[in-house]
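Take a look at the structure below.
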Amino acid sequence: MTVWKFAGGLIELPIMSRSIKKSSQYIIECLNDRIKLEDRSIDPLDVTRTIKLSKLDENLIKNAKHLSSKNLFSKDKSACFSYEDEYYFIYVGTEEEISDNAQDTEDEDLDTSDTKDKNFVRLPEDEISPGWTVLVIYQLKVILKHDVTSLEIYNNLGAIDDEYYDSDAYRYIKGCFESFYVYKIKPESILLERLVLSSGKPDPDISRVLLVYFLNYNSVNNLRFEQGTLDIFKSVAYEGEASIPFESILDSYISFSWKYSFLDVYRCLERLFRIPRILKLYQSISVDLNFLEFIDKIEESISWKPKEEDALKGLLEVIDEELKEYFEIYNGFKSVKTKIAADYSGETKNARVIYSLRNKIVHFNPKKIKIEESGWNKVIRFCLLSTYLLYKKYGEFLRLPDSDQEELTEDL
């Protein structure tokens, strides 16, 4: 329900469903725009002639709930929808399926086996009905392919004099727009883990959904991460706490720069800098606020901020023994410390090394950072593992029992 506030009080109004006519005509208008752009001598299509839809298609278009969306690269888009108690993920763009012949994981404690089929079921092409096509193109504003010409559009659709565009015309129309894929999210998937308790229904995190999708269904690996790094990305995606800022993890994964891939993971740690000390205060007093609201009040009252290096040091000390259990990742990071600064040794505090690298990137630095790909992989693996362990420890305090969660965690 939509709530409008008037002087006399609150009035609840029903949310209007999508217009079937408007949604279908939008697609024809897109085709007409291409005709007008290329050749004004060609008659435009009749916008009153729409795509023929079944009752099921009409119901889908009117009632599917658009939960979230995210644009990627120049043309690629993604979105989550819910419809009749089921959840769907849409990807618009080129898809390249990843081989199932993955290497063994680097660390036995990171179990990423048999994850692909636990999350998605891709709808076959013949199950993507006209309703899905109209819904996706209209809601996500999918663009036409660059090689579709005005003459081709007219030759295929201009001579039709029926009331509707039939199934043959529909298939041509669908092919004019950028390709899209529809996945049903399985009810048992971790992607539906985060609950909005006020509604009692799952709330998929679009960034986490995309991360899982890219790791298993679409070979986006711009930095050529090593298999061990991919494994820890998978552990964060499949097993990580719902309170992890997955947008930063996704940005790290699809980055074109090693420096910024590292910084995106660092931001996940940075969001926790205030947590340990304020949590101690929170647990020592009785206050009728949840933890995130308490942090917000502290920020409003005294604007306290910890010293970054000290805060990072405190965080890593909390999980030091757990980090050492991941022998390969821990020692891999230890071996690259001297690459970050010549005066660092294997015994230099991990927090100092990470914070120093962060400063070399974000502040003026006359010396170019010289770390090889294998070194960046080791640094990023260590930071991803630290993120995974710290959010596992503090995750229960970073959730709100309503939809305000995302808004407030942006401030952490």
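Count residues from 1 along the sequence. Computed from a predicted structure; not experimentally measured.
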With a 4.5 Å limit on heavy-atom distance, are the side chains of R381 and F333 in contact?
no
Provide the closest heavy-atom pair for A237 versus L211 in the form atom of the first, atom of the second, distance.
CB-CD2, 3.6 Å
Side chain of N377, backbone of E373: donor and acceptor closer than 3.5 Å?
yes
Around atom NZ of K141, are there more than 12 heavy atoms of other residues, nucleotides or ligands at under 6.0 Å?
yes
Is there a donor-acceptor pair closer than 3.5 Å between any side-chain N or O of R18 and the backbone N or O of I61?
yes
Verify the distance criterion only: is there a donor paired with an acceptor across the side chains of Y388 and E239 at less than 3.5 Å?
yes
Determine whether N155 and E152 make a side-chain contact, defined as any pair of heavy atoms from C-beta on separated by less than 4.5 Å.
no
Do I361 and F262 have side-chain heavy atoms sitting under 4.5 Å apart?
yes
Are Y326 and I232 packed together at the side-chain level, in the sense that at least one heavy-atom pair is separated by less than 4.5 angstrom?
no
Any side-chain to backbone donor/acceptor pair from S248 onto C268? Under 3.5 Å, distance only.
no
Among Y217, Y88, Y91, whose ring-ring contact (aromatic ring centres under 6.0 Å, His included) with Y183 holds?
Y217
Side-chain (K145) to main-chain (G175) donor-acceptor, under 3.5 angstrom
yes
Passing option when F225 is tested against W258, F214, W376 for ring-ring contact (aromatic ring centres under 6.0 Å, His included):
W258
For the residue pair Y165 and Y170, is the inter-centroid distance of their aromatic rings smaller than 6.0 Å?
no
Determine whether the side chains of N63 and S17 contain a donor N or O and an acceptor N or O closer than 3.5 Å.
no
side-chain hydrogen bond (donor to acceptor under 3.5 Å, both in side chains) partners of residues 312-323, not counting sequence neighbours, each pair once:
D320-K324
